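Have a look at the structure below before the remarks.
No experiment lies behind these values; they were computed from the predicted model shown.
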Amino acid sequence: MFEEDPAGRRDGMEVDGEPAGPRPLAVRMRPARLEELVGQGHLLGEGSALRTAIEHGRPHSMVLYGPPGSGKTTLARMVAANANAAFEELSAVQAGRAEVRAVIERATHRRRMGSPPAQTVLFLDEIHRFNKAQQDTLLPAVEEGLIVLIGATTENPAFEVNGALLSRVRVYALRELSSEEIQIVLRRALERGAMGATSENGAGAEGDGQDGPPGEDTRTVTAHVDEGAIEFLAARSAGDARTALNALELALQTAAELGEPSVGISRVEDALQRRAVLYDKKGDRHYDYISAWIKATRGSDPDASLYYLAVMLEGGEDPRFIVRRMVILASEDIGNADPGALSVATAAAQAVEHVGLPEAKFALAQAAIYLSLAPKSNTAGRALGAAAGHVREHGAAPAPGWLRSGPRPGQDVGGYDNPHAHPGHVSPQELMPEGVAGTRFYEPDEAEGELARRLEEIRRARGR
C-alpha cells in the first residue's frame with residue numbers, strides 16, 4: 001500500500017508533488033538543475049558543502065532559512081531528485097503529528113522493501129509553525145537517518161526551532177534575490193516562451209508550452225513585454241521571484257484577454273498591485289524593524305525613522321509597542337541634551353492611549369521627527385551604568401548617618417546641613433558614603449554644555 005515511485009507521487013498529485021491541472025508560471029519555471037538556479041551563490045559556490053551534497057546525491061537534514069521566493073522549495077526538490085529519494089512535502093500550517101507519523105511509516109516501508117533501501121526526503125514548509133511537541137515527533141527519525149528533514153522557514157531558526165532538533169540539522173541562510181537576479185528569472189520565462197510572450201529584444205516563442213507537461217493549459221498569449229515593465233517588476237517584487245513571475249503571468253493573461261499588443265509598466269503595476277507588507281508581529285521582523293527604527297532615530301535621520309515607522313504601522317504593529325520605544329529612546333539616547341524629548345515622547349504615548357489609530361499616527365510621526373532631530377547624549381545611561389558597576393564591584397556602602405531617615409539603636413546621627421540655608425542653595429557637606437567620596441560617575445558631554453557649566457559651579461561651591 002506504500003509503494004511509490006522515487007519522486008514520492010501521490011494519488012491526485014503530479015509526480016513533482018504539485019496539484020494536478022494547470023500550474024502557475026512560478027511552478028512551471030522552477031529550475032531542476034543547479035546551473036539554472038538564480039541567486040544563493042554564497043551557499044552554492046563550487047566546493048561548498050551544500051552544492052557538493054546535491055551534486056553527489058548525499059542529502060543531509062537541514063533548515064533553509066530565508067525570505068519568500070528565494071528558492072527554498074526548489075533546493076529541497078533538487079536535493080531529493082539528485083539522491084533519487086522519495087520526496088514527501090508537508091506544510092506545518094496544515095499538518096500535525098499524525099501526518100508526520102504517516103510519512104515516517106512510509107519511509108520505514110521504503111527502507112525495508114527497497115534494494116538498495118530508498119531514502120525519504122521530508123520537506124516541511126514553515127517548520128516554525130510546529131510547536132515543540134510536534135517538532136519532537138521528528139527527532140527519532142532524523143536521528144536514525146530514516147528521513148532526511150528539510151525544513152523551510154522565514155523566521156530565525158535559533159528562536160523558532162527547538163534546540164534538540166536544531167543540533168541535528170545544518171542551517172543554511174538564503175538571501176532575497178537582487179533586482180538584477182529577478183530580471184534574469186523574468187527574462188528566462190519570456191525567452192522560453194513560457195507564456196507565449198516576447199521581451200523587448202524579440203526573444204520568446206509563441207505558445208510552445210515547453211515548460212509545462214503534455215496537455216497542460218499554458219494559455220498561449222501574444223504580447224510584447226516592455227523592458228521598463230520587467231525592470232519595474234524586478235524592483236517592486238522585494239526579492240521574491242514567485243511574486244514577480246505570478247504578476248508577470250497575470251499581466252500577460254490580462255493583456256491577452258483585453259487584446260492589448262504589449263505589456264507596459266501600468267499593466268504589471270496593476271497585476272502586482274500593492275505588495276502586502278511582509279511583517280510578522282511575533283517573528284523576526286517585529287524586532288528587526290523596531291531595531292532599525294531605534295538606530296535610524298539615534299542616527300538623526302528623520303527620513304529613515306519615518307520609513308521604519310511606516311513599515312511597522314502598515315504591518316499592523318501595536319502602536320503602544322512603538323511608542324514605548326520612543327519613550328525609552330528619549331532618555332537613553334537624548335537625555336538632558338534635550339529634556340523636552342521625553343515630554344514629546346510621553347505626550348505621544350498619551351495620544352496613542354486617548355486617540356488610538358489611525359489618528360495617533362500623526363503624534364507618532366511628530367515624535368519620530370522630533371526625536372530624530374534632537375541633540376543626542378547617552379551620558380545619563382552611562383553615568384548610571386558606572387554607578388551600578390561600582391556597586392556590583394564594591395557592594396553598597398552605608399549612607400552617612402546625617403542622610404539617613406532616622407536614628408537606629410546604637411548609631412550616632414550627625415546633623416544634616418540643609419543646602420537651602422546656604423547661598424546658592426549649595427552645602428559643602430559630604431553626601432557620598434565613606435570610601436566612595438570623590439568618585440565621579442556623571443561627566444557631561446558636549447551636548448550638555450549648560451549642565452556642564454552648572455556642575456562646575458556646584459563642585460567649586462562645595463569645594464570639590
| pair E317-Y289: side-chain heavy atoms closer than 4.5 Å | no
| task | Measure the shortest side-chain to side-chain distance between L165 and L149 over non-hydrogen atoms and say whether it is less than 4.5 angstrom. | result | yes
| said: For D445 and S377, which I'm curious about, is there any donor-acceptor pair between the side chains at under 3.5 Å? | reply: yes
| request: Would you name the heavy atoms of Y65 and T154 that are closest together and state the gap between them? | output: CE1-O, 3.6 Å
| Are side-chain heavy atoms of K361 and L357 found at a separation under 4.5 Å? | yes
| Quick one: CD1 on I290 to CE on M312, what's the gap to the nearest 0.5 Å? | 4.0 Å
| task | For T346 and S343, indicate whether the former's side chain and the latter's backbone hold a donor-acceptor pair under 3.5 Å. | result | yes
| request: Check side chain to side chain contact (heavy atoms under 4.5 Å, CB included) between A292 and all other residues, then give those that pass, not counting sequence neighbours. | output: Y308
| task | Could you pull out the closest heavy-atom pair between A92 and F130, with the gap in Å? | result | CB-CD1, 3.5 Å
| task | Not counting sequence neighbours, list each pair that qualifies as a salt bridge (Lys or Arg N to Asp or Glu O under 4.0 Å) and has a residue in residues 38-50. | result | E46-R51
| query | Can you find a heavy atom in the side chain of L50 that is under 4.5 Å from one in the side chain of M62? | reply | yes
| Would you say the side chain of L90 lies within less than 4.5 Å of the side chain of F123, judging by non-hydrogen atoms? | no
| For the residue pair H60 and Y172, does the interplanar ring angle fall in the parallel (under 30°), tilted (30 to 60°) or perpendicular (over 60°) class? | tilted
| said: Please enumerate all residues that pass ring-ring contact (aromatic ring centres under 6.0 Å, His included) together with H42, with sequence neighbours excluded. | reply: none
| task | Could you tell me whether the side chain of R170 reaches within less than 4.5 Å of the side chain of V63, counting heavy atoms only? | result | no
| note | Sorted by chain and number, sequence neighbours left out, side chain to side chain contact (heavy atoms under 4.5 Å, CB included) with T254 holds for L250, L258, R267
| task | Any chance you could measure M29, atom CE, to E249, atom CD, to the nearest 0.5 Å? | result | 11.5 Å
| message | Contact between K72 and L174 at the side-chain level, heavy atoms closer than 4.5 Å - yes or no? | response | yes
| field | Audit row: L124, E89, side-chain contact (heavy atoms from CB on, under 4.5 Å) steps and yes/no | value | CA-CA 6 Å; L124 183 56; E89 182 172 1; over 6 Å; no
| note | Taken in chain and number order and not counting sequence neighbours, the residues that satisfy side-chain hydrogen bond (donor to acceptor under 3.5 Å, both in side chains) with R298 are D333
| How far apart are the closest heavy atoms of D240 and G69, and which atoms are they? | OD1-CA, 3.1 Å
| message | Test of understanding: with salt bridge (charged side-chain N to carboxylate O under 4.0 Å, His left out), list the residues that count as partners of D301, not counting sequence neighbours. | response | none
| message | For L122 and V142: C-alpha separation, side-chain torsions, deciding distance, then whether side-chain contact (heavy atoms from CB on, under 4.5 Å) applies. | response | CA-CA 10 Å; L122 169 58; V142 173; over 6 Å; no
| query | Can you name the closest pair of heavy atoms from V323 and A345 and give their distance? | reply | CG2-O, 4.0 Å
| Between E181 and S178, is there a donor-acceptor pair closer than 3.5 Å when you use the side chain of the first and the backbone of the second? | yes
| said: Rounded to the nearest 0.5 Å, what separates atom CD in E191 from atom CG in L186? | reply: 10.5 Å
| message | Holding to ring-ring contact (aromatic ring centres under 6.0 Å, His included), I want the full list of residues that pass it with F232, two or more places apart in sequence or in another chain. | response | none
| message | Applying ring-ring contact (aromatic ring centres under 6.0 Å, His included), can you list everything that pairs with Y442, at least two apart in sequence or on another chain? | response | none
| query | Is the side chain of S48 donor-acceptor paired with the backbone N or O of G45 at a distance under 3.5 Å, no angle test? | reply | yes
| Verdict with supporting geometry, R110 and T120, side-chain hydrogen bond (donor to acceptor under 3.5 Å, both in side chains) | CA-CA 8 Å; R110 292 188 193 102; T120 299; 2.8 Å; yes
| field | Set of residues satisfying salt bridge (charged side-chain N to carboxylate O under 4.0 Å, His left out) with respect to R320, sequence neighbours excluded | value | D318
| Donor on one side chain, acceptor on other, E160 and T153, under 3.5 Å | no
| field | Heavy-atom neighbours of F441 CZ exceed 12 at 6.0 Å | value | yes
| Pair E88-I147, side-chain contact (heavy atoms from CB on, under 4.5 Å): steps then yes or no | CA-CA 10 Å; E88 299 266 8; I147 62 171; over 6 Å; no
| Where N246 and A26 come nearest, the two heavy atoms and their spacing | OD1-CB, 3.5 Å
| said: Please check this pair: side chain of Q134 against backbone of G96, looking for a donor-acceptor N/O pair closer than 3.5 Å. | reply: no
| query | So, E260 side chain and A256 main chain: donor-acceptor pair closer than 3.5 Å or not? | reply | no
| query | Among all residues two or more places apart in sequence or in another chain, which pass the salt bridge (charged side-chain N to carboxylate O under 4.0 Å, His left out) test with E126? | reply | R129
Give every donor-acceptor pair under 3.5 Å between a side-chain atom in residues 362-376 and any protein atom, sequence neighbours left out.
| residue | atom | partner | partner atom | Å |
| --- | --- | --- | --- | --- |
| Y370 | OH | D338 | OD1 | 3.4 |
| Y370 | OH | D338 | OD2 | 2.8 |
| S372 | OG | A368 | O | 2.7 |
| K376 | NZ | S300 | OG | 3.1 |
| K376 | NZ | L371 | O | 3.0 |
| K376 | NZ | S372 | O | 2.7 |
| K376 | NZ | A374 | O | 2.6 |

| said: Contact between T74 and P31 at the side-chain level, heavy atoms closer than 4.5 Å - yes or no? | reply: yes
| message | With rounding to the nearest 0.5 angstrom, report the CD to OG distance, E176 to S70. | response | 9.0 Å
| message | So does G381 get a backbone contact from the side chain of E332, meaning a donor-acceptor N/O pair under 3.5 Å? | response | no
| query | Looking at CE of M78 and CD1 of I54, how far apart are the two atoms once the value is rounded to the nearest 0.5 Å? | reply | 7.0 Å
| Partners passing salt bridge (charged side-chain N to carboxylate O under 4.0 Å, His left out) against R168 (at least two apart in sequence or in another chain) | E143
| message | Nearest 0.5 Å, please: how far is CG in L75 from CD1 in I150? | response | 8.5 Å
| field | Test log, rule side-chain contact (heavy atoms from CB on, under 4.5 Å), inputs W293 and M326 | value | CA-CA 10 Å; W293 179 85; M326 290 183 169; 3.4 Å; yes
| task | Write down the atom of T243, the atom of S237, and the distance for their closest heavy-atom approach. | result | CG2-CB, 4.4 Å
| request: Among L248, I182, V225, V185, find the one that has a side chain to side chain contact (heavy atoms under 4.5 Å, CB included) with L233. | output: L248
